[in-house]
Protein chains: 2
Amino acid sequence: MPWLSHATHNEVVNQICDRIWLAVVQRSLRPGARLKEEDLAEIFGATRARVRQALSILEQDGLVSLVPNRGACIAEPDIGEAQDAFSARLCIEQRLVTRLCRMATQDHIATLRAHVASERAAHDRQDSEAMIRLSGEFHLLIAKLTGADLLMKILRTLTIRTSLITAMYQPQSTQSCGPDEHARILDAIEARDEGRARAEMAHHMQHLETDLHLDEGTIPVSQLHAALKPNP
Amino acid sequence: MPWLSHATHNEVVNQICDRIWLAVVQRSLRPGARLKEEDLAEIFGATRARVRQALSILEQDGLVSLVPNRGACIAEPDIGEAQDAFSARLCIEQRLVTRLCRMATQDHIATLRAHVASERAAHDRQDSEAMIRLSGEFHLLIAKLTGADLLMKILRTLTIRTSLITAMYQPQSTQSCGPDEHARILDAIEARDEGRARAEMAHHMQHLETDLHLDEGTIPVSQLHAALKPNP
DNA sequence: GTCAATTTTATTGTCAACAATGCAGACCGC
DNA sequence: GCGGTCTGCATTGTTGACAATAAAATTGAC
């Protein structure tokens, strides 16, 4: 079940989007990788029109960049865009936790606790796909529980952006944040401590961001290719 | 020049989006109004495929709702969605003015002052189309000056949403906010007073929101039809 | 041997005809 | 006369073929 499902769209299109996203966060599709419409169509057993729809959605989400008459490739966000994305997430997520502090019911807390438990389980059994999915879902779950539909939709695309950035700039080792920080955020929410919740969220975001190697040294793959003039 | 231009898309598509948006904010297209693809294609001298692209974009912006196999109509955001939209705008715009307080150059201030002057000019000559455009552009200009590309993109779609809401729930008289509140926000930015800037922005948003008649009494046109079983 | 112009090829963008779907009105049984 | 079903129509959704475009390869001149 694609957690980035743009609910309203065709099921096939969602699947294509999800698979591409997954390939990116799992690093089997590198930033800059070319995405040929016809190939994708064959891979997914879909028509080119469907693939095109999917690519258009992924472009809006910032996962692929779409150059007219040149086709699509996995986007290569630079340092500035990376900072922008985390900054935007922080802005929105701080508001969400604040709201949740005020309005969370016992059910909400329980739901979140159960989610963190799933995260920990996935973490323990080294299921990296589940870890990645659940880790992102935690933030979306907060948005969902506050009932802020719009902010949730926005946060979803931001999450997609940051997951690309993470795959691009983060060393293989630390695939995704452990569930501990999520638990701390949840503690603050349960204690109805808005200030602490905001601070924990800020800490979490900062952690995500500083774990990256955003120094100029990290050159995206495709730029490397262009720079080295490879002879395939 | 469409201020909601989704830069990267076809020019014709942008034009269609813009004209539909304009018709909505000018209240010549009511919420719930049906948008037949073929008609639009003829009106704009475009093919159905192009119209379809435009409608898809407008759906993402929340201006039209797109029901599978049933076609498109102008969206009818309810009270909850309206509050959500303003809440999201406030969240983002407060962050933007805060950033601008810290980083605004004299050039930035001058640009904004010039913009407010244009707004006032449009106001004085009762040019309602210019007023609407410029009024929205002020907020986007702030985003642009902070250099936050992402937040600007997000804010653009939020602005589209709120302009629909305004057209839907605001009495004809107060077509758009006068330039005075924008000037006050700008004053605070120039004084580098973050707190005041945030407060002025909050005040501005609240003003926009409370000017609406969000009471249940205001029933969208199409819902009225459905409720009254008209006999055309 | 290298550079520039030209042809070739691979890929995307566009379109117009066709298929599928849902809705309205007519028809039939009750 | 009322409820349900069935057919015809209006509208959207899909597809495959074709046109436009940019990159790559080839050729020819210097």
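Fair warning: this is a prediction, and the values are worked out from it, not measured in the lab. Below, read A as the first sequence line, B as the second, and so on, with proteins coming before strands; counting in each chain starts at 1.
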> Is the distance from OP1 or OP2 of C:dT21 to the nearest side-chain N or O of B:R70 less than 4.0 Å?
no
> Quick one: CZ on A:R99 to SG on B:C91, what's the gap to the nearest 0.5 Å?
10.0 Å
> Verify salt bridge (charged side-chain N to carboxylate O under 4.0 Å, His left out) between A:R48 and A:E38, making sure each step is shown before the conclusion.
CA-CA 6 Å; A:R48 257 184 66 210; A:E38 207 165 1; over 6 Å; no
> Round to a whole Å and report the spacing from CG of A:N69 to P of D:dA19.
16 Å
> Students often get this wrong, so: under 4.0 angstrom with heavy atoms, is A:L55 touching a base, only sugar-phosphate, or nothing?
nothing
> Going from CD1 on A:I79 to CG on A:D84, what distance comes out if it is rounded to the nearest 0.5 angstrom?
12.5 Å
> Tell me: NZ of B:K36 to C1' of D:dC9, nearest whole Å?
12 Å
> How long is the gap from NZ on A:K144 to CG on A:L155, to the nearest 0.5 Å?
14.0 Å
> I want to check one thing: is the phosphate of C:dT12, taken as OP1 and OP2, less than 4.0 Å away from some side-chain N or O of A:R34?
yes
> Counting only side-chain nitrogens and oxygens, does B:R48 get under 4.0 Å of the OP1 or OP2 atom of D:dT11?
no
> Can you tell me if A:T47 touches the phosphate of D:dT15, counting only side-chain N or O atoms and a distance under 4.0 Å to OP1 or OP2?
yes
> Go through C:dG13, C:dC15, D:dT14 for me and flag the one nearest to the A:R50 side chain.
D:dT14
> Output yes when at least one side-chain N/O atom of B:R52 is less than 4.0 Å from OP1 or OP2 of D:dT12, else no.
no
> With a cut-off of less than 4.0 Å, is there a side-chain N or O of B:N10 near OP1 or OP2 of C:dT14?
yes
